[in-house]
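Okay, structure first, notes after.
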Amino acid sequence: MVMKLFYLKTDEAGMDCFLRENYISLDLDGILIDFESMGKEQALTIAGSINIDKGHLKARVEQFVYAMQDGDYIIASDGMRGWLGDVGDYFFVADQSEQAEENPHRHRRGVTWLKRVELAHASELWKIIMRNTETFTILSESLSLEEIDRQFAMDAEVDHETVQKALQVLREALESDDMDRRERAAAAILLYAKK
């Protein structure tokens with residue numbers, strides 16, 4: 001399965017909100033148009049006619065509403081930490097209540113957050129991505145799940161002695177009377193050997 005990978009830069013308060021509420025949103029405060037409720041061509045024409053100082057609104061709407069699909073991936077970062085998430089559907093929050101005014105994120109996509117990475121402990125690829133100056137961009141048009149796992153695996157430092165002790169425990173588990181334990185030990189050893 002191939003999916004796209006996007007990047008969204010936000011501030012700490014925005015990141016906290018996104019993590020708590022399980023969504024992402026473009027910074028389109030004050031634009032009370034449900035772009036998905038109209039045809040793509042009409043939505044992009046309207047987006048292209050709006051003058052705001054938030055950059056290229058038409059391109060951002062096209063990427064966020066139309067190019068991004070359920071099952072794609074997003075990296076969201078506040079510059080100090082980053083999260084990798086599985087993107088859901090686009091939705092527009094039309095609520096005009098006082099509570100909605102406290103949270104102006106009306107253009108949203110649901111997200112299942114998968115992995116957190118602190119910048120201080122991040123791989124070089126994460127560091128480059130999280131220092132990106134773009135607010136919202138597409139990083140890749142086609143990544144497989146295996147490539148995403150490989151690219152965004154956390155760099156772990158485990159000393160040789162600890163690895164050898166863990167392997168010894170697994171070797172001993174291979175001799176267990178419990179078939180399930182033997183199978184799990186064998187699978188773990190084979191997984192380690194693949195690396």
Side-chain angles (χ1 to χ4, degrees), residues 1-79 81-117 126 129-149 151-152:
M1 180 179 205
V2 175
M3 60 276 299
K4 293 184 274 310
L5 176 65
F6 293 83
Y7 173 78
L8 176 68
K9 185 174 191 170
T10 187
D11 58 19
E12 186 176 353
M15 190 81 230
D16 288 342
C17 180
F18 296 163
L19 293 171
R20 183 178 57 252
E21 302 294 329
N22 295 306
Y23 72 85
I24 55 170
S25 177
L26 290 183
D27 186 16
L28 301 176
D29 303 350
I31 298 176
L32 304 177
I33 300 168
D34 181 358
F35 293 110
E36 193 178 50
S37 69
M38 55 190 80
K40 179 178 178 180
E41 187 175 317
Q42 181 185 11
L44 295 178
T45 299
I46 291 171
S49 69
I50 299 172
N51 285 327
I52 60 171
D53 61 352
K54 298 185 186 302
H56 309 286
L57 179 62
K58 182 178 177 180
R60 292 172 72 196
V61 168
E62 184 167 23
Q63 285 184 339
F64 192 78
V65 178
Y66 299 104
M68 185 181 277
Q69 298 293 312
D70 185 8
D72 285 340
Y73 285 91
I74 184 79
I75 296 171
S77 173
D78 62 11
R81 59 195 168 147
W83 283 83
L84 176 65
D86 182 340
V87 176
D89 292 327
Y90 167 83
F91 60 100
F92 175 74
V93 179
D95 187 0
Q96 300 284 334
S97 70
E98 185 177 311
Q99 183 180 6
E101 291 303 317
E102 295 172 13
N103 184 354
H105 301 130
R106 297 187 185 275
H107 301 272
R108 301 179 181 183
R109 279 193 171 272
V111 175
T112 301
W113 298 108
L114 303 173
K115 182 181 288 193
R116 177 183 176 166
V117 176
W126 269 98
I129 290 169
M130 291 196 305
R131 289 188 182 119
N132 190 337
T133 58
E134 293 287 325
T135 304
F136 179 70
T137 190
I138 186 164
L139 295 174
S140 176
E141 290 282 346
S142 60
L143 277 179
S144 68
L145 186 55
E146 293 79 21
E147 289 172 303
I148 288 174
D149 284 343
Q151 292 295 327
F152 300 104

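We count residues from 1, following the sequence as given.
By the ring-ring contact (aromatic ring centres under 6.0 Å, His included) test, Tyr66 is found to be paired with no residue, residues two or more places apart in sequence or in another chain being considered. Every residue two or more places apart in sequence or in another chain that forms a side-chain contact (heavy atoms from CB on, under 4.5 Å) with Ser37 is listed here: Asp34. Under the side-chain contact (heavy atoms from CB on, under 4.5 Å) criterion, Ile138 pairs with Lys4, Phe6, Gln63, Glu141, sequence neighbours left out. Among residues two or more places apart in sequence or in another chain, the side-chain contact (heavy atoms from CB on, under 4.5 Å) test is passed with Val65 by Phe35, Glu36, Val61, Tyr90.
Note that OG1 of Thr135 is 5.5 Å distant from CZ of Arg60, once rounded to the nearest 0.5 Å. Distance check: Tyr73 OH to Met3 CE gives 4.5 Å after rounding to the nearest 0.5 Å. Between the CG atom of Leu8 and the CG atom of Leu26 there is a distance of 6.5 Å, given to the nearest 0.5 Å.
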Would you list the atom pairs, donor with acceptor, under 3.5 Å between side chains in residues 12-20 and any protein atom, with sequence neighbours excluded?
unit_1 : atom_1 : unit_2 : atom_2 : d
Asp16  : OD1    : Arg81  : NH1    : 3.3
Asp16  : OD1    : Arg81  : NH2    : 2.5

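Counting all heavy atoms, side chain and backbone alike, Gly110 lies closest to Phe91 at N-CE2, 3.8 Å. His105 and Ser25 get closest at one heavy-atom pair: CB-OG, 3.3 Å.
Without hydrogens or angle criteria, Arg109 side chain to Phe64 main chain gives a donor-acceptor distance under 3.5 Å.
For the pairing with Ile74, the side chain to side chain contact (heavy atoms under 4.5 Å, CB included) check across Leu114, Leu84, Leu5, Ile24 returns one residue only, Ile24.
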